[in-house]
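Report on one structure; see the data block that follows.
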Amino acid sequence: MIKTADAVVIGGGIIGCSTAYNLAKMGLKKVVLIEEKYIASGATGRCGAGMRMQWGTEPNAVLARDSVAMYETLEEELEYDDSIELKQEGYLLLAYNEKMVEQFHKNLGLQHKLGIPSRWVTPEEIKELVPHINLQGLHGATFCPKDGHCNPFKATDAYAQAAKRLGVEILTYTRVTKLLKEGDKISGVETTKGTILSPLVISCAGAYTRELGRMVGVELPIYPERHQILVTEPVEKLQGPMVMSFYHGIYCQQVPHGGFIMGLGDPNEVKDYNIKSSWQFMHEMAAKITFILPILKNLRVVRQWSGLYDLTPDKTQILGAIPEVPGFFVAAGFSGRGFMIAPVVGKLMAEVMLGQEPEYPIDMYGVKRFESGQLYVEPSVV
Amino acid sequence: MSGCGCKTKDNKDVNIICRCEDITLEEIRAYIYDKGITDLEQLRRLLRVGMGPCQGRTCTPLIVREIAAATKEPVSDVPLTTFRPPTTPVKLGVLAGGDDND
Ligand SMILES: Cc1cc2nc3c(=O)[nH]c(=O)nc-3n(C[C@H](O)[C@H](O)[C@H](O)COP(=O)(O)OP(=O)(O)OC[C@H]3O[C@@H](n4cnc5c(N)ncnc54)[C@H](O)[C@@H]3O)c2cc1C
């Protein structure tokens with residue numbers, strides 16, 4: 001069966017759903033979104049779903065700042081009849097040595113220039129924000145009260161439902177097996193359920209975007225890396241802010257439902273598509289978190305899982321057109337922050353695909369930066 | 001489906017399907033029939049059924065029956081969800097290798 005579309009969006013994570021919604025909202029009639037499994041089955045449904053404006057490079061800080069503002073009114077914008085469970089009680093980024101203190105002050109300088117309400121907090125102030133924290137070794141922290149969290153399944157569902165209402169066709173359990181070209185130009189996709197001809201195709205397939213690029217002879221510097229995470233039984237509210245330590249490579253927050261969600265970045269992780277869970281993770285996570293937040297030792301872990309980061313060499317996303325293949329676009333390489341910047345990214349991608357001037361200059365996110373060496377190395381990643 | 005004897009405020013019978021998360025049969029049917037979501041994985045994630053301490057031991061078979069009835073497929077054709085460790089909830093303090101004191 002051959003169908004035609006005005007645009008094909010590959011990937012039913014938060015980025016694909018946000019992009020498809022924005023394309024339809026801007027007037028595109030036939031938008032088809034293709035998802036190999038179910039909506040939010042990839043990194044989106046596996047993520048910590050934290051959102052913070054406290055980044056160390058301007059491009060990331062701006063995208064996060066404006067996306068958090070959009071999350072604040074997302075339910076109204078998308079006319080969602082449910083709640084995305086937004087919580088804004090801040091992120092506390094812990095500094096354990098002088099080098100971190102210095103880097104954090106540099107980050108604060110940048111954030112203040114951009115109007116982000118972050119601040120330095122002393123150990124005494126940390127104790128007020130998170131009374132159960134262990135201050136041992138702590139020099140201080142930075143805190144931004146507007147940072148927070150929301151439910152990734154609900155936020156993605158909100159975009160998917162709104163997109164459907166605007167006429168977007170969502171095909172789940174359908175895999176893109178081939179990208180089609182006519183001359184240099186993209187002309188459509190082949191899927192496990194038939195061919196769809198389209199002059200515009202965007203890959204929002206997370207780490208698998210590398211494989212999709214290869215289908216049209218483009219080598220994108222995107223590397224899959226497993227990240228593990230766990231959740232405890234729900235308990236009464238104990239903790240407002242997300243607690244994050246780059247020193248330990250961990251983050252931990254209590255979500256509105258009551259469970260604590262925590263994850264760990266392992267510097268020795270192999271760069272492949274493995275997403276099996278490991279016991280080592282549980283033990284290491286438990287050891288680190290019960291050092292930083294000792295009262296959590298009585299909480300029971302109910303579930304662990306893992307998902308893929310889509311890393312780039314400078315840990316900054318690749319957004320925009322692929323110059324060698326007109327009509328082919330990419331939004332991937334989010335390096336652990338795709339959820340929190342999805343509202344703005346979806347809008348930018350729709351603008352670029354429809355040939356409009358994007359709200360922000362996005363050339364700096366282009367894939368050509370890896371040739372020119374104009375990188376934005378993000379220092380603040382777990 | 002056997003009733004649990006629970007009542008709503010206006011005295012209607014409700015059937016609690018997921019005891020950990022307090023989700024009723026009526027809520028599950030609303031997602032299946034009104035929103036058209038017949039995917040067990042997606043229902044779990046949107047409603048949290050099967051995500052509590054018992055990890056779906058009680059509710060999963062009941063929900064699978066509901067999905068099968070809605071899609072008119074045999075129960076055996078409803079794809080099951082991934083089972084995730086641990087098998088029983090374990091305290092962080094125990095995993096960390098410390099004392100298990102309440
Ligand atoms: C453990 C963990 C914790 C994280 N914590 C955070 C956090 O706190 N905050 C934050 O902002 N970000 C976080 N992230 C990152 C975030 O999850 C991602 O950046 C974000 O979800 C990206 O969404 P996406 O739509 O690009 O990708 P995905 O959600 O991965 O969606 C891509 C989709 O494409 C589909 N697909 C792939 N190939 C094909 C194909 N050939 N045909 C059809 N479909 C295909 C996949 O099935 C998948 O559903 C975390 C990630 C992990 C793994």
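Naming convention: chains lettered A, B, ... in sequence-line order (proteins, then strands); numbering from 1 in each chain. For clarity, every value in this text was computed on a predicted model and none was experimentally measured.
Contacts of A:Thr172 with chain B are absent, with no heavy-atom separation under 4.5 Å from either backbone or side chain.
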request  = Check step by step if side-chain contact (heavy atoms from CB on, under 4.5 Å) holds for B:Asp39 and A:Tyr173.
outcome  = CA-CA 11 Å; B:Asp39 191 299; A:Tyr173 294 98; 2.3 Å; yes
Verdict with reasoning, A:Met262 to B:Leu92, per side-chain contact (heavy atoms from CB on, under 4.5 Å) = CA-CA 11 Å; A:Met262 55 190 86; B:Leu92 279 165; 3.8 Å; yes
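Among the candidates B:Glu21, B:Gln42, B:Glu41, B:Lys35, the residue making the largest number of heavy-atom pairs closer than 4.5 Å to chain A is B:Glu41. For the set A:Lys288, A:His257, A:Gln161, A:Lys37, the count of heavy-atom pairs under 4.5 angstrom toward chain B peaks at A:His257.
A distance of 4.0 Å separates CG in A:Asp82 from OH in B:Tyr31, rounded to the nearest 0.5 Å. The distance from the CG atom of B:Leu95 to the CH2 atom of A:Trp279 is 7.0 Å, given to the nearest 0.5 Å. Remark: B:Leu40 CG to A:Tyr38 OH distance equals 9.5 Å, nearest 0.5 Å.
Under the 4.5 Å side-chain criterion, counting only non-hydrogen atoms from C-beta, A:Asn151 is in contact with B:Arg48. A heavy-atom distance below 4.5 Å is not found between the side chains of A:Met282 and B:Val90.
In this structure, the side chain of A:His283 does not engage the main chain of B:Ala96 through any donor-acceptor pair within 3.5 Å. Side-chain atoms of A:Lys297 do not come within 3.5 Å of backbone N or O of B:Lys91 as any donor-acceptor pair.
Crowding of A:Tyr247 atom OH: a count of heavy atoms from other residues, nucleotides or ligands under 6.0 Å not exceeding 12. Residue-environment remark: CZ (B:Arg19) stays at or below the threshold of 12 foreign heavy atoms within 6.0 Å.
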